[in-house]
There are 2 protein chains.
Amino acid sequence: MNSEEIAKLAEVSRSTVSRVVNDYDNVPEKTRIKVQRIIDKFGYTPNASARTLAGKANDIIGLFIADIDITESSDQWLGANSPYNAELIAKVIRSCKKRGYTVLVNTISSIEEIPKMETFFRNRLLYGGIFIGFPYKMKAIADMAEKDFNISFVDQFTEEDDLFHKVKTVNNDNITGGYMATKHLIDLGHEKIAHFTGDNRLSSIEREKGYKKALIEAGIDVDPSLILKGEYREEIAYKKAKNLLKKKDVTAIFSGNDIMALGIIKAANDLGMSIPNDLSIVGFDHLKYTNWTNLGLTTVEIPIDDVSEKGVDQLFNGKTSDHRLSKPQLIEKKSTIKNKK
Amino acid sequence: MNSEEIAKLAEVSRSTVSRVVNDYDNVPEKTRIKVQRIIDKFGYTPNASARTLAGKANDIIGLFIADIDITESSDQWLGANSPYNAELIAKVIRSCKKRGYTVLVNTISSIEEIPKMETFFRNRLLYGGIFIGFPYKMKAIADMAEKDFNISFVDQFTEEDDLFHKVKTVNNDNITGGYMATKHLIDLGHEKIAHFTGDNRLSSIEREKGYKKALIEAGIDVDPSLILKGEYREEIAYKKAKNLLKKKDVTAIFSGNDIMALGIIKAANDLGMSIPNDLSIVGFDHLKYTNWTNLGLTTVEIPIDDVSEKGVDQLFNGKTSDHRLSKPQLIEKKSTIKNKK
DNA sequence: CTGAAAGCGCTTACAG
DNA sequence: CTGAAAGCGCTTACAG
């Protein structure tokens with residue numbers, strides 16, 4: 001069943017069928033109804049490839065997720081396989097589905113793959129795309145951003161970047177998030193607060209900024225030896241935490257994400273320390289799966305639904321530059337306690 | 001850059017360019033190299049929509065995942081959001097990527113959506129599709145299966161079904177899985193073994209069959225009051241387990257999936273029982289995320305990588321009927337113990 | 001308001 | 001082995 005057959009049955013031209021399908025307004029109500037009735041009766045759906053070739057975009061949103069080789073994240077939690085990304089994919093799918101769109105998921109595992117993604121946009125295979133998880137200030141991403149494709153960049157550009165005002169962005173307020181986590185510990189009387197950073201992504205850089213901001217505001221000196229690169233990975237955090245806890249007298253740790261927090265907790269337990277009595281710890285992300293641990297990790301929540309919804313939503317916004325901010329929230333559970341020392 | 005420009009530069013016709021792109025063998029080596037060189041030089045990629053319209057399929061695999069309204073699964077763990085499906089999506093993406101294909105993820109939340117998926121195949125938007133998580137013997141799925149599309153059905157058809165020999169299937173050996181879980185408990189001396197079933201999916205039906213088989217083989221009567229519908233959901237299992245453990249004197253439980261096992265454990269803990277001393281429990285799935293609980297749940301592993309790889313792989317197999325079986329494996333941890341009663 | 005026709009960029013019989 | 005041409009099924013100026 002194609003537009004020609006519909007046209008014949010409705011006794012109009014294919015042009016008119018096309019106008020009805022695309023909801024153009026230069027079709028009188030009477031004609032529209034007549035044609036629509038035939039379309040419904042035969043369950044006609046226009047051929048997507050033909051539409052695309054003729055100039056329309058598909059009802060498909062591309063989701064582009066950075067994978068291991070780029071971010072140096074853990075082998076275990078890479079790409080679509082990380083719990084954060086798994087939740088994100090699900091949410092993006094839901095947001096798209098609401099609008100009648102489906103999601104094409106692409107994991108990017110080497111820098112060379114990025115420019116290849118251009119054809120998706122150039123050939124209108126995608127209505128738009130969402131990029132997430134790429135290192136900050138990466139050239140290949142900047143090149144992409146300059147191309148005027150319909151793309152939403154998540155946690156990729158800040159106001160300080162030249163390209164910011166040329167692109168669509170969704171940012172978590174990670175500075176505030178890092179600040180909240182650290183402030184919470186300071187309020188509990190902690191002063192020797194270590195911080196495990198993530199990798200080369202903006203989120204990591206900003207969480208660290210928030211950490212420093214809170215310390216400085218409270219008049220506590222920032223001690224570089226208490227800032228450790230955890231790469232957002234559980235095992236790395238585990239090893240470094242073990243080392244740290246043996247040597248330094250920290251009473252609290254702000255971990256850049258929940259996964260590292262699990263590693264840190266394991267290290268503390270191995271050293272005979274109990275959480276929160278011997279060590280207070282705050283995570284970041286509020287992964288749903290951490291609820292399964294019975295420890296009750298205090299953490300800063302990132303509203304993944306909100307990020308996804310904003311990212312999808314802004315693709316439907318006509319403006320070439322559009323900026324949205326998601327607000328983090330401190331989720332107090334049981335892994336932090338008043339400093340007793 | 002389109003095929004015409006490439007043709008001009010290579011001093012051949014568009015036909016020849018097309019033949020080179022599609023790797024046809026009626027092109028002399030010399031011509032092939034000449035054309036390929038131009039293609040590489042300008043990074044030419046054929047327009048996907050044009051190819052599709054002209055008769056080729058896209059390099060896209062569709063993943064069709066049953067969502068809540070159909071399976072009556074939990075609101076919390078629905079569709080792409082369930083940990084099992086999240087892992088699956090990631091694995092399918094990886095298997096496809098290896099072959100140069102990307103994945104279009106579709107969550108199906110009502111039966112009416114299923115026949116609509118036909119256009120994806122009819123218009124060759126997809127090279128093939130994988131269906132997973134749908135209820136057993138569902139009419140809409142059977143209709144789909146009869147259409148000769150390139151589809152892999154996971155845990156959807158058994159040899160007893162008429163359509164089995166017309167379709168491509170990947171099945172977990174869930175009967176054996178259920179048998180292994182139950183046999184393990186029997187070997188530990190348990191006799192009063194309850195079973196929490198899933199929902200209306202084949203996996204649930206088969207795991208229950210395996211449970212019964214092990215009991216019968218050991219000469220233990222199957223007690224219907226010890227078989228409870230948990231719907232694969234944590235909360236339902238939690239409630240029913242609480243009820244069950246108050247009334248019945250069971251010493252062990254085989255839970256149809258890991259998520260229900262978490263609910264059952266919570267119920268047992270609420271009643272002051274400790275695992276495994278007061279109650280042995282075996283789950284099913286071996287979800288990676290359950291490693292985060294410190295309880296060490298003994299479970300039956302489903303090799304999600306293997307299922308995904310087989311499903312993707314069989315789409316590239318020319319035969320219209322192709323069948324693969326994935327083998328489950330008992331993962332012994334710390335949630336089971338010898339029966340002391 | 002509406003239709004005939006060109007065009008999107010490929011693939012593939014067909015003819016040579 | 002190779003090219004000219006038809007055709008895939010739409011959309012969209014264009015003309016009326």
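Order of the sequence lines sets the chain letters (A, B, ...), proteins ahead of strands, with each chain counted from 1.
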A:D306 bridged to A:K91 by N-O distance under 4.0 Å: no
B:S3 side-chain N/O to C:dC10 phosphate OP1/OP2 under 4.0 Å: yes
A:F131 and A:F149 aromatic centres sub-6.0 Å: no
Per B:N22 side chain, nearest of listed nucleotides D:dG3, C:dT11, D:dG9: C:dT11
Per B:V12 side chain, nearest of listed nucleotides D:dG3, D:dG9, D:dC8: D:dG3
Options D:dT2, D:dA4, C:dG3, nucleotide nearest the side-chain atoms of A:R19: C:dG3
A:M1 CE to D:dC8 P, straight-line distance once rounded to whole Å: 15 Å
Closest to side chain of B:N26, choosing from D:dT2, C:dC10, D:dC10: D:dT2
Side-chain H-bond candidate by donor/acceptor type, A:K168 with A:N150, under 3.5 Å: yes
Of the listed nucleotides D:dC10, D:dT2, C:dT11, the one nearest the side chain of B:R51: C:dT11
Sugar-phosphate only, base, or nothing, as touched by B:T31 at under 4.0 Å among non-hydrogen atoms: sugar-phosphate
Position toward the 5' end of DNA chain D (nearest nucleotide), B:V27 or A:Y44: B:V27
Whole angstrom value for the distance that separates P of D:dT2 from CG of B:D25: 13 Å
Touch class at under 4.0 angstrom, heavy-atom based, for A:N123 against every strand present: nothing
Nucleotide C:dC1, atom P - distance to CD of A:E29 in whole Å: 11 Å
Test: B:K147 and B:D143 ion pair at under 4.0 Å: no
Toward the 5' end of DNA chain D, by each residue's nearest nucleotide, B:E11 or B:L53: B:E11
Note, B:V27 side chain near B:Q36 side chain (heavy atom, < 4.5 Å): no
Phosphate OP1/OP2 of D:dC10: any A:N2 side-chain N/O under 4.0 Å: no
Phosphate OP1/OP2 of C:dC1: any A:Y24 side-chain N/O under 4.0 Å: no
Separation of C:dG9 P from A:L125 CG (nearest whole Å): 15 Å
Side chain of B:S15 (C-beta onward), nearest among C:dA4, C:dT12, D:dC8: C:dT12
Touch class at under 4.0 angstrom, heavy-atom based, for A:S18 against every strand present: base
Atom-pair distance (CD on A:E4; C1' on D:dT11), nearest Å: 15 Å
A:R14 CZ - C:dC1 P separation (whole Å): 23 Å
Side chain of A:T16 - closest among D:dG9, D:dC10, C:dG3: C:dG3
d(CD1, B:I6; P, C:dG9) in whole Å: 13 Å
Counter-base of C:dA15, judged by Watson-Crick or G-U geometry with both distances under 3.5 Å: D:dT2
Side-chain H-bond candidate by donor/acceptor type, A:R51 with A:N22, under 3.5 Å: yes
Interatomic distance where CD belongs to B:E5 and P belongs to C:dC8 [whole Å]: 11 Å
